[in-house]
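Right, one structure below, let's go through it.
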Number of protein chains: 2
Amino acid sequence: MTFELHPNLAKKIFLVDLPLCRVLLEDEKHYTWLFLVPRRPNLSRTIDLSQPDQLQLLQELDFVQKALWDHFRPTQLNVAAIGNKTAQLHIHVICRNETDPAWPHTVWDHPVRSPYDDSSKTAMTDRLKALLSFQSQLSG
Amino acid sequence: MTFELHPNLAKKIFLVDLPLCRVLLEDEKHYTWLFLVPRRPNLSRTIDLSQPDQLQLLQELDFVQKALWDHFRPTQLNVAAIGNKTAQLHIHVICRNETDPAWPHTVWDHPVRSPYDDSSKTAMTDRLKALLSFQSQLSG
């Protein structure tokens, strides 16, 4: 069986393929909200990954978080594997700010949802693609 | 500076010290809800950990999740580093069930909070201590 994105994840904005994970962006202007989706079939939890893939995921999570932290200087990073509604393993990496509408609560069940306008979406996508492609010396 | 628990975490129920993390239990009967707190000072995010400590955290998260998964057979595991309200790095590992009061939403902002009664708390604490101590061949 080959890797395929769950329809809920296929709707997100594509950013980049790292050696293990596809990186996607949520269309939500209040938070810089990324998803790392390991490109392996039949995963629902990090414990379903092989040991080498777990190590690779760790490296890619560290890379993405450090890039976001250095570039956006958020108040906090929220990192989570939840998967209650979309069972395919995907790890949320979200920049949180004291000024965002959900702070200090979590974003997942917060009612405010605001998509980017077209020009902001293009600008943010380009910015993140550049940021995450710049140093892609991550080993596969 | 030495490791000390944030007052919000010091209130949780102590389970076990793994080589890196102190493992704590939330007093909440609807979810088996654990916290892994790396015993290092001045951490707010996983990216604050050294590379060897990140690898050790990965190993301990894998160990705890597999133990909970095999023992409790939940519907899903929710794993998250949030830290918006309690800045000290702590990773939530939560067994979720389709029958729990928040399902399929996340638990963090769900209004239902129900502490264990005394005998259930003792029973659960003993059960988890045995479960997480049994195979503690985790290298430090």
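Every chain is numbered from 1 and lettered A, B, ... according to where its sequence line falls, protein lines coming before strand lines.
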In terms of heavy-atom pairs under 4.5 Å, which option from Leu77(B), Ile94(B), Val79(B), Leu57(B) contacts chain A the most? Val79(B)

Could you tell me the separation between the CD1 atom of Ile82(A) and the NE2 atom of His105(B), rounded to the nearest 0.5 Å? 12.5 Å

Give, for atom CG of Asp62(B) and atom CG of Leu49(A), the distance between the pair rounded to the nearest 0.5 Å. 9.0 Å

Are Phe63(B) and Val93(B) connected into the same hydrophobic cluster when the rule is that any two of I, L, V, M, F, W, Y join if their side-chain heavy atoms are below 4.5 Å apart? yes

Look at the side-chain heavy atoms of Ile, Leu, Val, Met, Phe, Trp and Tyr, link any pair under 4.5 Å apart, and say whether Leu24(A) and Ile91(A) land in one connected group. no

So, Asp109(A) side chain and Thr106(B) main chain: donor-acceptor pair closer than 3.5 Å or not? yes

Of the listed residues (Gln65(B), Glu98(B), His110(B), His92(B)), which shares the most heavy-atom pairs with chain A below a 4.5 Å separation? Gln65(B)

Can you tell which part of Leu55(A) gets under 4.5 Å to a heavy atom of chain B, answering side chain, backbone, both or neither? both

In one Ile/Leu/Val/Met/Phe/Trp/Tyr side-chain cluster, 4.5 Å: Tyr116(B), Val23(B): yes

Chi angles and distances behind the side chain to side chain donor-acceptor pair (under 3.5 Å) call for Gln76(B), Arg45(A): CA-CA 8 Å; Gln76(B) 181 57 300; Arg45(A) 283 159 285 279; 2.8 Å; yes

For Asn84(A) against Asn78(B), the heavy-atom pair lying closest together: OD1-ND2, 2.9 Å

State plainly whether one hydrophobic cluster holds both Trp103(A) and Trp108(B), where clusters connect Ile, Leu, Val, Met, Phe, Trp and Tyr through side-chain heavy atoms under 4.5 angstrom apart. no

Which one, Thr75(A), Leu58(A), Leu61(A), leads in non-hydrogen pairs under 4.5 Å with chain B? Leu58(A)

Going only through I, L, V, M, F, W and Y residues with side-chain contacts under 4.5 Å, is there a path from Val16(B) to Leu89(B)? yes

